[in-house]
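Since the structure comes first, as structure tokens, the remarks are kept for the end.
Chain naming here is simple, since letters A, B, ... match the order of the sequence lines and numbering starts at 1 in each. These numbers were taken from a predicted model, which means no experiment stands behind them.
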Amino acid sequence: MSRRWIAHLDMDAFYASVELLRYPQLTGQPVVIGGGRRHQPEPQPDGSLSFSTLRHYAGRGVVTTATYAARAFGVHSAMGLMKAAALAPDAVLLPTDFDEYRRYSRLFKAAVVEIAPVMEDRGIDEIYLDLTEVPGAQDAVDGDPLGGIRALGQRLKDAVHHATGLSCSVGITPNKLLSKLCSDLDKPDGLTLLELSGIPERIWPLPAKRINGIGPKASARLEALGVHTIGELAAAEPEWLVQHFGANYGLWLHEAAHGRDDRPVVTYREPKSLSRETTFERDLHPRQDRDALGAIFTRLCEQVASDLERKGFEGRSIGVKLRYDDFKIVTRVVTLPAHTQDAATIRQWAGRCLKTVPLDQRLRLIGVKVEGLRRPGSEPVAAQEPAAAWRLGESLPLF
DNA sequence: TCTGGGGTCCTAGGACCC
DNA sequence: TCTGGGGTCCTAGGACCC
């Protein structure tokens with residue numbers, strides 16, 4: 001009988017680290033990734049490169065990633081670049097280059113699946129792995145029952161470094177929830193192993209918000225209730241949590257605090273929606289800036305349509321999203337009688353959605369979304385000829 | 001000079017059906 | 001004058017994640 005071992009592997013300061021491979025002269029310096037293309041390094045007559053710094057940044061960008069040297073100034077992901085500039089004016093600012101990060105993402109994932117083929121993609125820079133059946137995972141080494149799994153974790157890290165030149169942090173535990181927590185415990189370049197018996201010592205002292213799924217809102221409510229650490233959350237009565245957070249979330253909080261999680265590693269998921277949105281350089285008024293807004297709106301529809309075609313989907317619901325200058329968000333969605341992939345159709349229905357929304361306030365963002373995706377040609381059972389549907393369903397409800 | 005862009009999942013109410 | 005218990009689909013908003 002084999003013990004379940006799940007790894008969470010998280011690349012260290014991923015975007016920034018990829019940029020440092022390209023510009024090794026920046027190693028050790030505070031570097032921030034974010035903003036638009038305007039901050040491309042410029043070649044100088046003497047052959048060197050001139051980098052932008054945060055000092056003169058003006059705009060609405062946010063920090064995507066910061067090097068550890070920049071983090072020492074208090075800069076972190078999702079912080080506005082203006083605020084980051086106030087904290088670290090001399091930090092180098094580099095534009096995001098998603099194509100390059102995707103290339104490195106493919107490289108590290110390809111290296112990992114050579115060793116551990118059961119991989120769940122959690123974005124460009126992190127993955128879960130089910131190591132249970134990987135040869136050697138269950139072996140003892142020199143009398144150490146965890147020797148095999150520890151060696152496997154090190155092999156994964158070595159493979160990532162060999163394939164990319166980059167470091168990562170790995171947590172290995174019996175489930176995804178704990179592994180995610182553990183990959184963060186020894187960053188950068190960490191390898192953390194935890195058995196269930198280690199939960200009180202290693203997990204319970206951590207702040208509750210470190211749990212994946214406890215965000216700013218839930219964390220603030222817990223604080224207000226006097227619950228700060230995961231241990232305090234674990235000590236709370238489930239009934240009490242249910243009272244304050246609802247049956248679903250309340251019970252989940254209790255399970256999570258005790259490190260219980262039986263979610264499988266899911267190797268593939270069909271996408272459910274596809275969207276494009278953009279924040280304007282300055283807030284636009286629905287009437288005064290009607291033409292500019294219309295052009296942007298049409299372009300977003302065309303981009304969504306081309307994304308659908310390129311990825312091989314069509315969708316049945318068309319939605320819009322507006323963010324007003326006061327950051328309030330409204331959404332509208334309408335479901336069509338048939339699936340579509342067509343830019344003009346998307347534009348038409350998105351336009352109708354837009355007409356049902358208050359337009360007397362300046363806008364900061366607009367977005368277009370398509371939901372209810374399917375692969376073209378895959379007729380749902382209900383739309384097929386009745387006899388065929390009956391055969392497929394064997395016997396439909398008797399009503 | 002606050003606060004990007006792309007997603008998932010949950011809740012809750014109403015329409016509609018049997 | 002009013003009476004039920006499902007089920008599904010649709011829509012809007014919100015929390016959360018990377």
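- Salt bridge status for A:K180 with A:E126: present, with a side-chain N to carboxylate O gap under 4.0 Å.
- Side-chain atoms of A:S179 and A:T173 form a donor-acceptor pair, as typed in the model, at a separation below 3.5 Å.
- Taking the six-membered ring wherever Trp is involved, the centroid distance between the rings of A:Y15 and A:F98 falls below 6.0 Å.
- Among pairs with a residue in residues 197-211 of chain A, those fulfilling salt bridge (charged side-chain N to carboxylate O under 4.0 Å, His left out) read A:D184-A:R210, at least two apart in sequence or across chains.
- The separation of C:dC17 from B:dT3, taken at their P atoms, amounts to 22 Å, rounded to a whole angstrom.
- One interatomic measurement links the two molecules: CG of A:L354 to C1' of C:dT11, which rounds to 17 Å at whole-angstrom precision.
- None of A:V31, A:D97, A:L26 except one satisfies the side chain to side chain contact (heavy atoms under 4.5 Å, CB included) rule with A:E19; the exception is A:D97.
- The ring pair (Phe, Tyr, Trp, His ring centres under 6.0 Å) search around A:F51 returns A:Y23, not counting sequence neighbours.
- Going from atom OG1 of A:T279 over to atom CG of A:L365 covers 4.0 Å, rounded to the nearest 0.5 Å.
- C:dT1: glycosidic angle beyond 90° from 0, hence anti.
- Between A:R150 and A:D144, at least one side-chain N (NZ, or NE/NH1/NH2) sits under 4.0 Å from a carboxylate O, which counts as a salt bridge.
- For the contact set between residues 268-284 of chain A and DNA chain C, defined by any heavy atom under 4.0 Å, there are no members.
- Classification of A:K176 and A:D262 as a salt-bridged pair fails, no side-chain N sitting under 4.0 Å from a carboxylate O.
- Looking only at atom types and distance, the side chain of A:S183 has a donor-acceptor partner in the side chain of A:H8 under 3.5 Å away.
- Following rounding to the nearest Å, A:Y57 (OH) and B:dT1 (P) show an atom-to-atom distance of 13 Å.
- Nucleic acid contact class of A:R323 (heavy atoms, under 4.0 Å, all strands): sugar-phosphate only.
- Side-chain contact check for A:Q303 and A:D307: no donor-acceptor pair (N or O, by modelled atom type) lies under 3.5 Å.
- When the side-chain nitrogen and oxygen atoms of A:R316 are compared with OP1 and OP2 of C:dC10, one or more of them lie within a distance under 4.0 Å.
- As a whole-Å value, the separation of A:H56 NE2 from B:dT1 P is 15 Å.
- A 4.5 Å side-chain heavy-atom check between A:E314 and A:L373 finds every atom pair outside the cut-off.
- Atom pair A:Y101:OH and B:dG5:P shows a separation of 16 Å (rounding to whole Å applied).
- In this structure, A:K321 atom NZ and C:dT11 atom P are separated by 19 Å, rounded to whole Å.
- Atom-to-atom, CZ of A:R352 to P of C:dT11 comes out at 14 Å; the value is rounded to the nearest Å.
- Listed in residue order, the members of residues 58-83 of chain A having a heavy atom less than 4.0 Å from DNA chain C come to none.
- For A:N248, counting side-chain heavy atoms from C-beta on, the closest listed nucleotide (B:dT8, B:dT3, B:dT11) is B:dT11.
- The interatomic distance linking A:L322 (CG) with B:dG5 (C1') rounds to 16 Å, in whole Å.
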How does each nucleotide of nucleotides 13-18 of chain C score, in 5' to 3' order, for protein heavy atoms under 4.0 Å: base (B), sugar-phosphate only (S), or none (-)?
S-SSSS
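- In DNA chain B, stems built from 3 or more consecutive Watson-Crick or G-U wobble pairs, each with both distances under 3.5 Å, span B:5-18 with C:5-18.
- Classification of A:R347 and A:D342 as a salt-bridged pair fails, no side-chain N sitting under 4.0 Å from a carboxylate O.
- Taking atom CG of A:L300 as the reference point, atom C1' of B:dG4 lies 14 Å away to the nearest angstrom.
- Taking 4.0 Å as the cut-off between side-chain N and carboxylate O, A:E100 and A:R102 do not count as a salt-bridged pair.
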